[in-house]
Engineer: 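This is the structure I want to talk about, given as structure tokens.
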Amino acid sequence: MIQLVRGFKDILSGEVEIWQQIEKTARSLFEDFGFKEMRPPILERAELFARSIGEDTDIVEKEMYTFYDKKKDPVTLRPEATASVVRSYIQHKLYAKDAIRKFYTIGPMFRRERPQKGRYRQFYQINAEVFGIDSPLIDAQLIFLLATLFSRLSVTDAKVHINSLGCSTCRPKFKEALSDFLLSAKEKLCSDCTRRSKRNPLRVLDCKVPLCREAIVGAPSVLDFLCSECGSHFEGVKKSLEKLKVPFLIDKRLVRGLDYYTRTTFEIQTGLLGAQNAIAGGGRYDNLVKALGGPDQPAVGFAIGIDRLAEITGLEIKDFLQYPDIFVAALGEKSQSIAFEWICALNLEGTRAEMDFAGKSLKSQMKRANKLGARYVLIVGEKELEEGSVIMRNMMTKEQILIPIDGIIEKVKEKL
RNA sequence: GUGGGUGUAGCUCAGUCGGUAGAGCGCCGGGUUGUGGUCCCGGUUGUCGAGGCUUCAAUCCCCUUCACUCACCCCA
């Protein structure tokens, strides 16, 4: 038996209905907020991710599915969507008509990590990106959008964490102060963190090892190093969130794993997913568009993990499963071929109609109708054909009525 | 990449201190010839994850491997 690839999965009926509901709710919300859908490809030049996510990140260092396309350029199955959306924004000069652009995209991402609860090698994200707006209002609106989506999807255990990472003027100063601090505390840090403190000191703040957490208690806080512009920007985000009545936590240890973030960063965290607590995350990346060769346009965005969201949503599958409206139980070949015409006609008109194709007994056809959850059963046999009317049985009430074969499709639809 | 747990029928699981396996659910049929869900009766299914070692004999011991799962790591 050929099995699927490790870390990949089939999303089958019973689960897929929840996904459809998530996507449907997200789409309509995004449209209301003025976002346009974009569908970039899932394969990009490897270089795109190295330059956007950062060479020193785990994603680029060891998690990408990269291969050579017929011995030519290295290509990569996208590990995230922002880079592609930015690439597209630049390539098609989408900023030319109007620098302010809002996009959303839904699709699979690929990262070769060890699979775990809420972590797969092919996973799905809903992304939103806004270009050309500097104002903290838009940061707050994105978080508001997320909070709204989660509440519409009946997510209960979700908290908004926010932080600011500063910009290219203030971040270096903070980095320096942090490096100095880490140097003085290096005996207490775990091996990963000693390595990180040189290459990417911000990451140390994110470490979960208890001793490291202890060691960084007195570490300098990013927020104390923000320049006045970044400081007031962050204040603006907070004030707007309060106005929008979105509860949030200021989490100065919230550092994100992608290098392109500046200023506002945020995550929606839950306690329901074991070790994987982030169901959505994002932030501002004011330098990325320019860094990838585009105009100097600010940008903010976020990504939602659909796999994770589907696991913690309060939606119940029973509310989304579909059952046949009607099952046609036909007895004998003649009835069967007529029944076949009927169900096709009904299907065409948007009625969920089913029948049995094996010429089984009425009893077993009734059983099947019941198993499928059909609301009504139409019984047609020799006798009914002769008399010109068939039996329509309500499976809930057991009530049976006769309806004439003449104009049956319309009559059935009326009764449903 | 590292560590722990698990791997027996379609599903959930039991079992053999080594003698090739069951239960519930499901599925199929029947309970008088054309009516479902409850009930009763009957039937159905397995290379006991894969390969190897020890043994007269392994699903059960040992080794390897794969998969699933959880955690580290990282992130959505």
Side-chain angles (χ1 to χ4, degrees), chain A residues 1-9 14 53 57-64 78-82 106-128 146 158 190-193 195-196 200 203 206-210 212 254-258 265-270 273-282 301-312 327 329-332 335 356 358 360-384 390-400:
Chain A
M1 182 175 52
I2 299 173
Q3 293 200 15
L4 45 59
V5 177
R6 182 170 165 81
F8 288 63
K9 63 172 179 178
I53 299 169
T57 57
D58 279 9
I59 295 176
V60 173
E61 266 184 355
K62 49 196 185 195
E63 296 173 2
M64 297 205 302
R78 65 178 182 195
E80 59 113 37
T82 302
I106 302 177
M109 309 296 154
F110 304 83
R111 290 184 203 172
R112 202 185 176 292
E113 297 179 271
R114 190 81 173 258
Q116 197 177 315
K117 186 178 180 66
R119 197 173 80 182
Y120 310 98
R121 289 181 175 181
Q122 175 175 338
F123 58 99
Y124 295 77
Q125 288 189 341
I126 299 172
N127 278 81
L146 267 176
C190 69
S191 59
D192 281 326
C193 282
R195 178 174 50 82
R196 282 193 279 246
N200 203 343
R203 301 250 48 142
D206 210 21
C207 188
K208 286 168 187 161
V209 177
C212 288
L254 179 64
V255 177
R256 317 216 61 256
L258 296 84
T265 60
F266 53 89
E267 246 176 44
I268 313 287
Q269 299 184 1
T270 180
L273 279 172
Q276 262 57 246
N277 58 7
I279 43 182
F302 64 71
I304 305 168
I306 307 183
D307 310 69
R308 292 180 183 180
L309 183 53
E311 282 197 49
I312 62 156
F327 184 97
L331 298 158
S335 309
D356 164 69
K360 293 202 176 171
S361 69
L362 179 59
K363 180 178 182 136
S364 71
Q365 292 196 54
M366 290 300 290
K367 276 193 174 178
R368 184 166 157 73
N370 183 246
K371 191 170 70 181
L372 293 175
R375 289 161 52 220
Y376 290 89
V377 170
L378 220 53
I379 299 169
V380 49
E382 300 285 332
K383 191 173 135 201
E384 286 72 22
V390 300
I391 300 164
M392 185 169 176
R393 176 180 177 87
N394 182 323
M395 293 295 273
M396 287 280 269
T397 65
K398 295 182 174 181
E399 184 195 357
Q400 298 194 164

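Naming: A, B, ... by sequence-line order, numbering from 1 per chain. Side chains included, hydrogens not; waters and symmetry mates left out as well; all remaining heavy atoms used.
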Engineer: With respect to the phosphate group of B:U32, does any side-chain polar atom (N or O) of A:Lys363 fall under 4.0 Å of OP1 or OP2?
Structural biologist: no
Engineer: Quick one: closest heavy-atom pair of A:Lys117 and A:Glu311, and the distance?
Structural biologist: NZ-OE1, 3.5 Å
Engineer: Does the base of B:C75 carry an N or O that pairs as donor and acceptor with the side chain of A:Asn277 under 3.5 Å?
Structural biologist: yes
Engineer: Can you work out whether A:Gly305 or A:Leu4 has the more 5'-proximal nearest nucleotide on RNA chain B?
Structural biologist: A:Leu4
Engineer: Roughly how far apart, to the nearest Å, are B:C70 and B:G10 at atom C1'?
Structural biologist: 26 Å
Engineer: For nucleotides B:G7 and B:U45, find the distance between their P atoms and express it as a whole number of Å.
Structural biologist: 24 Å
Engineer: From the list B:G36, B:G34, B:G1, which nucleotide is the closest neighbour of the side chain of A:Asn370?
Structural biologist: B:G36
Engineer: What integer number of Å spans the P atoms of B:G49 and B:A14?
Structural biologist: 14 Å
Engineer: Work out which heavy atom in A:Gly7 is nearest to a heavy atom in A:Pro115; give both atom names and the distance.
Structural biologist: CA-CG, 3.7 Å
Engineer: Please state how far atom NZ in A:Lys117 lies from atom C1' in B:C68, giving the value in whole angstrom units.
Structural biologist: 14 Å
Engineer: Start with the C-alpha distance between A:Ile59 and A:Glu80, add both sets of side-chain angles, then the distance that settles side chain to side chain contact (heavy atoms under 4.5 Å, CB included), and finish with yes or no.
Structural biologist: CA-CA 9 Å; A:Ile59 295 176; A:Glu80 59 113 37; 5.7 Å; no
Engineer: Compare every heavy atom of A:Met64 with every heavy atom of A:Pro79, then report the nearest pair and how far apart it is.
Structural biologist: CG-SD, 3.8 Å
Engineer: How close do A:Arg308 and A:Ala278 get, counting heavy atoms only, and between which atoms?
Structural biologist: NH1-O, 2.7 Å
Engineer: RNA chain B: A:Lys62 or A:Val5, which has the more 5' nearest nucleotide?
Structural biologist: A:Val5
Engineer: When the P atoms of B:U59 and B:G18 are considered, how many whole Å apart are they?
Structural biologist: 14 Å
Engineer: Going by side chain to side chain donor-acceptor pair (under 3.5 Å), name the residues that satisfy it together with A:Asp307, two or more places apart in sequence or in a different chain.
Structural biologist: A:Lys9
Engineer: Can A:Val377 and A:Gln365 be said to form a side chain to side chain contact (heavy atoms under 4.5 Å, CB included), step by step?
Structural biologist: CA-CA 9 Å; A:Val377 170; A:Gln365 292 196 54; over 6 Å; no
Engineer: Do the side chain of A:Arg368 and the base of B:C27 come within less than 3.5 angstrom through a donor-acceptor pair of N or O atoms?
Structural biologist: no
Engineer: If we take the C1' atom in both B:C68 and B:G15, what is their distance in whole Å?
Structural biologist: 22 Å
Engineer: Establish whether the base of B:C73 is bridged to the side chain of A:Arg119 by a donor-acceptor pair shorter than 3.5 Å.
Structural biologist: yes
Engineer: Would the base of B:U35 count as contacting A:Gln400 through its side chain, where contact means a donor and an acceptor less than 3.5 Å apart?
Structural biologist: yes
Engineer: For A:Val380 and A:Glu384, which heavy atoms make the closest approach, and how far apart are they?
Structural biologist: C-OE1, 3.9 Å
Engineer: With sequence neighbours left out, which residue pairs that include part of residues 373-383 of chain A fulfil the salt bridge (Lys or Arg N to Asp or Glu O under 4.0 Å) condition?
Structural biologist: A:Asp325-A:Arg375
Engineer: On a whole-Å scale, what distance lies between the P atoms belonging to B:C11 and B:U47?
Structural biologist: 10 Å
Engineer: B:U35 C1' sits how many Å from A:Phe327 CZ, rounded?
Structural biologist: 12 Å
Engineer: Is there a side-chain contact between A:Arg6 and the phosphate of B:C68, meaning an N or O under 4.0 Å from OP1 or OP2?
Structural biologist: yes
Engineer: Please report the distance separating the C1' of B:G5 from the corresponding atom of B:A9, rounded so that it comes out in whole Å.
Structural biologist: 24 Å
Engineer: Report yes or no: is there a donor-acceptor pair, N or O only, under 3.5 Å between the side chain of A:Gln276 and the base of B:A71?
Structural biologist: no
Engineer: Think A:Gln116 has a side-chain N or O under 4.0 angstrom from the OP1 or OP2 of B:C72?
Structural biologist: yes
Engineer: Donor-acceptor pair under 3.5 Å: do we get one between A:Glu384's side chain and the base of B:G34?
Structural biologist: yes
Engineer: Is there a donor N/O on one and an acceptor N/O on the other, under 3.5 Å, for the side chain of A:Gln125 and the base of B:C75?
Structural biologist: no
Engineer: Rounded to whole angstrom, note down the P distance from B:A21 over to B:C48.
Structural biologist: 11 Å
Engineer: Determine whether a donor-acceptor pair (one donor, one acceptor, N or O, separation below 3.5 Å) exists between the side chain of A:Arg393 and the base of B:G36.
Structural biologist: yes
Engineer: How does RNA chain B read in dot-bracket, base by base from 5' to 3', with Watson-Crick or G-U pairs under 3.5 Å and | used when the partner is on another strand?
Structural biologist: (((((((..((((........))))((((((.......))))))....((((.........)))))))))))....
